[in-house]
Amino acid sequence: MNIFKYKAITESGDNEHGMILADSDYTAYHLVSKKNLKPINVSKIRRIKSQIKLEEILMFFLHIDFQLKCGVKINEAIDNFISHHGNKTLNMKLLEISESLKNGESLGNSFKNSIFDETIVGLLNSAEQTGNISEVISNILSFLKLKKDWNDKVKSIVAYPLLITFIAIAIMWFCITILGPQVSTLIQDYDQSSTLPVLTDFAINYLPQISTGLSALLIFGIFAVFVMAFSKNGKQFIYEMLLKMPKFGEILKTTALWQFCKILHMSLNAKLDFMKALELCINSVPYESIKSDLSQVQNKMINGNKIVEAFSSSNCLSPAILTALYVGEEGNHLSESMGHISDELYKSVLNQLKNFGKSLSVSLTLFTGGIFIFILYSLFYPMYSCMEMISS
């Protein structure tokens with residue numbers, strides 16, 4: 001099937017634009033005509049791969065949530081969104097989903113293998129079975145808002161250290177490549193028999209080579225990580241290395257556990273069976289070591305262990321999570337307990353991220369400040385001494 005865009009005139013004489021799925025130009029033209037439209041132009045759209053941002057996914061679910069609450073069917077809500085949205089890649093995927101729904105496919109199957117991850121597909125599948133689609137869409141919307149908020153905070157916290165690093169590199173490059181040779185020329189022009197001070201000689205003759213070598217090593221490292229990220233094993237290796245990093249690894253682990261508890265909360269809210277909800281949550285974890293640990297918990301539950309007994313054997317779950325599981329299981333309100341603990345974990349990971357950003361900023365400021373002072377001293381002090389001698 002191909003995707004066609006069309007421009008047509010309605011019965012009232014207004015212009016209408018849209019997209020339609022068809023196997024040929026003739027079929028596309030015929031389908032547009034069946035909508036009581038007079039086609040002006042129908043053309044095939046080539047497959048364009050443009051990036052789909054989280055904000056656009058969030059906007060889609062905001063639209064669907066509102067439309068469902070207004071009593072609109074989900075496939076009609078998707079069509080309404082397509083007609084007012086500009087990202088062609090997103091529109092193509094959504095159009096395929098809409099056509100699949102119109103052809104009688106289930107909600108889960110229609111969204112499967114699309115731009116949405118397994119968590120969203122699993123929740124939508126359970127929503128169709130239980131009939132509470134609107135509630136599940138609201139939960140997904142809440143989760144996506146938290147993810148966007150998390151991404152925005154990460155960007156704002158990381159922006160300052162990156163800015164410091166960029167400014168420091170620019171200043172050091174200017175001092176070493178522009179001022180350094182001029183200082184050397186000035187000193188040698190004044191006294192050809194004199195030798196450069198040790199620090200000045202190091203800054204002019206050796207520091208550029210060291211900087212070049214470190215830059216090349218950094219570029220090679222970034223390139224290697226980029227290449228490894230394209231393979232599943234390489235990506236897992238990168239994830240596991242990041243998890244072992246001090247402080248930063250703890251942030252990643254807490255983030256994974258927050259998402260695990262949040263998805264479990266949403267799954268149970270959607271009336272999904274606990275074992276299916278657990279499987280959905282485990283599949284959402286990107287880190288193989290944590291996923292393996294939780295899979296062992298799942299196996300113990302399959303063998304008949306109670307929820308708390310099985311989860312107590314986990315090496316990655318905190319006492320707070322185990323307490324929430326115990327209280328939820330005993331009081332028969334597991335969903336509410338998971339919702340509470342996910343909120344607490346979210347606050348915790350934000351505090352960890354904020355503290356990490358502060359410590360990183362201070363460390364980079366001290367490091368770059370020290371390098372900057374060293375360069376200034378090694379370059380300007382000899383020049384100042386030389387100028388004093390000239391004036392005397």
Side-chain angles (χ1 to χ4, degrees), residues 1 3-6 16-21 31 35 45 48-152 259 262-272 276-277 280-281 283-284 335 339 342:
M1 299 288 281
I3 297 176
F4 295 81
K5 64 178 180 180
Y6 65 85
E16 181 173 318
H17 301 265
M19 301 172 70
I20 198 166
L21 201 65
L31 290 173
K35 293 185 174 186
I45 298 178
I48 301 174
K49 291 186 178 180
S50 58
Q51 186 179 8
I52 300 173
K53 299 179 181 178
L54 176 61
E55 289 82 358
E56 292 175 314
I57 301 295
L58 177 59
M59 189 65 66
F60 167 71
F61 279 104
L62 274 169
H63 172 85
I64 297 299
D65 182 56
F66 175 76
Q67 294 271 295
L68 290 178
K69 288 176 180 177
C70 292
V72 180
K73 293 181 180 180
I74 189 166
N75 60 306
E76 294 176 0
I78 294 173
D79 290 339
N80 292 337
F81 180 83
I82 293 171
S83 62
H84 294 91
H85 191 72
N87 189 317
K88 290 183 179 180
T89 302
L90 178 58
N91 286 345
M92 289 177 185
K93 293 292 184 181
L94 293 178
L95 186 59
E96 290 172 353
I97 291 172
S98 177
E99 289 297 321
S100 180
L101 288 171
K102 291 173 185 175
N103 291 332
E105 288 288 340
S106 66
L107 196 60
N109 287 338
S110 297
F111 277 80
K112 194 174 182 180
N113 299 324
S114 63
I115 53 176
F116 304 103
D117 57 33
E118 292 182 9
T119 302
I120 293 177
V121 173
L123 288 170
L124 290 173
N125 193 30
S126 67
E128 191 174 42
Q129 294 173 6
T130 56
N132 55 345
I133 297 177
S134 181
E135 183 181 351
V136 170
I137 294 291
S138 296
N139 283 330
I140 293 173
L141 184 58
S142 173
F143 179 62
L144 291 175
K145 285 179 179 178
L146 284 177
K147 285 188 71 173
K148 184 182 182 301
D149 183 58
W150 160 257
N151 290 344
D152 291 342
Q259 293 196 23
K262 184 65 178 178
I263 294 170
L264 185 59
H265 163 66
M266 292 192 300
S267 302
L268 295 176
N269 260 356
K271 306 298 186 293
L272 198 63
K276 291 183 179 179
L280 188 64
C281 295
N283 290 334
S284 70
S335 175
S342 68

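Please read all numbers here as calculations on a predicted model, not as lab measurements.
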Seminar exercise, completed: All heavy atoms of Ser110 vs all of Leu101, minimum pair found to be OG-CD2, 3.4 Å

Exercise. When rounded to the nearest 0.5 angstrom, what is the spacing between CG in Leu62 and CD in Glu56?
Worked result: 13.0 Å

For this session: Enter the distance from Ser98:OG to Leu95:CG here, rounded to the nearest 0.5 Å.
Result: 6.5 Å

Exercise. Aromatic rings Phe60 and Phe81: how do their planes relate, parallel, tilted or perpendicular, breaks at 30° and 60°?
Worked result: perpendicular

Exercise. Side chain to side chain contact (heavy atoms under 4.5 Å, CB included) between Ile140 and Leu124: does it pass, once the steps are laid out?
Worked result: CA-CA 9 Å; Ile140 293 173; Leu124 290 173; 4.1 Å; yes

Exercise. Just one of Val136, Asn139, Leu280 clears the side-chain contact (heavy atoms from CB on, under 4.5 Å) bar with Ser267, so which one?
Worked result: Leu280

Exercise. Between Ser138 and Asp65, which heavy-atom pair has the shortest distance, and what is it?
Worked result: OG-OD1, 2.9 Å

Seminar exercise, completed: The reported gap from CG in Leu141 to CG in Leu146 (rounded to nearest 0.5 angstrom) is 10.0 Å

Exercise. Are Asp149 and Lys145 within salt-bridge range, i.e. N to O under 4.0 Å?
Worked result: no

Seminar exercise, completed: Between the CG atom in Asn269 and the OG atom in Ser335, the distance rounded to the nearest 0.5 Å is 3.5 Å

Problem set entry | Which atom of Leu123 lies closest to which atom of Met266, heavy atoms considered | CD1-CE, 3.8 Å

Problem set entry | Side chain to side chain, Ser142 and Lys262, heavy atoms closer than 4.5 Å | yes

Exercise. Distance from Lys53 atom NZ to Asn151 atom CG, nearest 0.5 Å?
Worked result: 12.5 Å

Exercise. Atom CD of Gln67 and atom CD of Glu76: how far apart are they, to the nearest 0.5 Å?
Worked result: 9.0 Å

